[in-house]
Amino acid sequence: PSDFFGDEHIRKAFNYCMDWDTMIKDYYQGEAVRTAYSLVLPGEIGYNPDDPMYEFSLEKCTEEFKASTLKDSQGNSVWDTGFHFTAVYNEGNTGRQTALQILADSLKKVNPKFEMEILSMPWASMLHYYQARQLPLYFIGWQEDIHDPHNWYSPYLVGTYGSNSGFPDDVAKSFASYVSKGVAATDPNSRASIYKELNQKVYDYAPIINGPVPTNRHYEQRWVSGYYYNPLYGGFYFYELSKNMPED
C-alpha cells in the first residue's frame, strides 16, 4: 500500500536489515566507515560518534516487522502476508545496485515472503518518478556544496529530498524548525546542541537507511604537482595540476 513506509516499525526494520559491514568489506574493499545515524560528515558540527546507529540485526529486524500495526484488507499482518515492491537505483551505479541486493537478500532471510525487486532506471526517468513520489524505495546520494552541516540537514529533511519524502505535516514542521534554528545559530556549541536533538529525532523517525562514508583513497604519479584533496570536488580538476619534469 502507499502508506507502507508510513509505519515506523517498517522503516526501522529496513534499517536493521541492511548489512553495511558486508557492503564495506565486499564492495568498498574496506575503504569506507560506518558512522552514527547522522546526516552530516564526521568532523562537522552536529556529528557525534556517540550518537546511536542502526546495527545489522536480523533478530531486531524481525521484531520490528512483527511489531508493525499495518494490516491488509483481511486484517492480516505484514509478517503473515509478506510484501512485494520495487526498489530503484540509477543505471550503471554498481555500488547502489550492490547495496540494494544485500538488503533484498537480508529481507528474504528474515521472511521468504518479503520480496524486494531491484530495478535500474536511466537517471532522468528515476528523477521523474521520484519527484512524482512514485518510488517506494530508492538509492540516492548527496555531494555537499558548502562544508557546513546545513548543506546536509536541509536537503534531506526540508529541501531537495525532504520535500519529496511525504513526511506527515507535524514531522515536516518539526524537521524544518530544527533546521532553521540550526542555521540561524552563530555559536558552534549552540548549533551542536540543536543538531544533537535533531539527530535523535531523525534516528527515532528512521526516514532513511544511512550509508557508510567512503575514505576516498586516491593515487597519483610522483611527478604530479599542485594536487590537494578537497571533499567538495566530485573529481579531479586537471587545470590545477602541473607536471614536474625530471632533470637530466
Query raised in the report: Between the side chains of Ser68 and Asp7, does any donor sit under 3.5 Å from an acceptor?
Result: yes
Requested in this report: Would you give the length of the straight line joining atom CZ of Arg11 to atom CG of Asn15, rounded to the nearest 0.5 angstrom?
Outcome: 9.5 Å
Query raised in the report: Going by atom types alone, do Gln97 and Asn93 pair a side-chain donor with an acceptor below 3.5 Å?
Result: no
Report task. Find the distance between CD (Glu44) and CG (Leu39) and round it off to the nearest 0.5 Å. Result -> 11.0 Å
Report task. Tell me, with the steps shown, if Asp19 and Ser106 meet side chain to side chain donor-acceptor pair (under 3.5 Å). Result -> CA-CA 8 Å; Asp19 186 0; Ser106 295; 5.6 Å; no
Query raised in the report: Got a donor-acceptor contact below 3.5 angstrom from the Asn151 side chain to the His147 backbone?
Result: no
Query raised in the report: Going by heavy atoms in the side chains, are Pro212 and Thr35 under 4.5 Å from each other?
Result: no
Query raised in the report: Are the side chains of Ile102 and Asp26 in touch, meaning some heavy atoms are under 4.5 Å apart?
Result: no
Query raised in the report: Less than 4.5 Å apart, any side-chain heavy atom of Asn210 and any of Met53?
Result: no
Query raised in the report: Rounded to the nearest 0.5 Å, how far apart are CG of Leu135 and NE2 of His128?
Result: 9.5 Å
**Report entry** Listed once per pair and sorted, the side chain to side chain donor-acceptor pair (under 3.5 Å) pairs that draw on residues 187-197, sequence neighbours left out
**Finding:** Asp51-Lys196, Asp148-Arg191, Tyr178-Glu197, Asp187-Ser190, Arg191-Tyr195
Query raised in the report: Mind checking whether Leu137 and Leu100 have side chains closer than 4.5 Å, heavy atoms only?
Result: yes
Query - Pairwise side-chain contact, Ile209 with Tyr54, heavy-atom cut-off 4.5 Å (strictly under) - result: no
Report task. Would you please indicate yes or no on a ring centroid separation below 6.0 angstrom for Phe14 and Phe5? Result -> yes
Report task. Answer yes or no: is there a side-chain heavy-atom contact under 4.5 Å between Phe65 and Ile10? Result -> yes
Query raised in the report: Taking atom NZ of Lys71 as the centre, does the number of heavy atoms from other residues, nucleotides or ligands within less than 6.0 Å exceed 12?
Result: yes
Query - Sidechain-backbone polar pair: Tyr28 side chain, Val33 backbone, donor-acceptor under 3.5 Å - result: no
Query - Partner set under side-chain contact (heavy atoms from CB on, under 4.5 Å) for Lys25, not counting sequence neighbours - result: none
Query raised in the report: Taking Ser38 as the fixed residue, which of Tyr153, Trp152, Tyr203 is the one that meets the side-chain contact (heavy atoms from CB on, under 4.5 Å) rule?
Result: Tyr153
Report task. Check for a donor-acceptor pair, side chain of Asn199 on one end and backbone N or O of Tyr47 on the other, with a separation under 3.5 Å. Result -> no
Query raised in the report: Heavy-atom count around Tyr129 OH within 6.0 Å, excluding the residue itself: above 12?
Result: no
Report task. Taking the side chain as every heavy atom from C-beta outward, state whether Pro136 and Phe4 have any pair of such atoms under 4.5 Å apart. Result -> no
Query raised in the report: Does some side-chain heavy atom of Pro52 sit less than 4.5 Å from a side-chain heavy atom of Tyr37?
Result: no
Query raised in the report: Same hydrophobic cluster for Leu41 and Leu198, using side-chain heavy-atom links shorter than 4.5 Å among ILVMFWY?
Result: yes
Requested in this report: Using the six-membered ring wherever Trp is involved, compare the ring planes of Trp142 and Tyr161 and label them parallel, tilted or perpendicular (cut-offs 30° and 60°).
Outcome: perpendicular
Requested in this report: Specify the closest pair of heavy atoms between Cys17 and Val110, including all atoms of both residues, with the distance to one decimal.
Outcome: SG-CG2, 3.6 Å
Requested in this report: Please assess Thr98 against Met23 for the test side chain to side chain contact (heavy atoms under 4.5 Å, CB included), listing each intermediate value before the final yes or no.
Outcome: CA-CA 8 Å; Thr98 301; Met23 179 72 177; 3.8 Å; yes
Query raised in the report: Does a sphere of radius 6.0 Å around CG in Asp170 hold more than 12 heavy atoms from other residues, nucleotides or ligands, not counting ones at 6.0 Å or beyond?
Result: yes
Query raised in the report: Which heavy atom in Pro1 sits nearest to a heavy atom in Leu70, and how many Å separate them?
Result: CG-CD2, 4.2 Å
All N/O donor-acceptor pairs, side-chain side in residues 113-126, below 3.5 Å, sequence neighbours left out:
| unit_1 | atom_1 | unit_2 | atom_2 | d |
| --- | --- | --- | --- | --- |
| Lys113 | NZ | Asp80 | O | 2.7 |

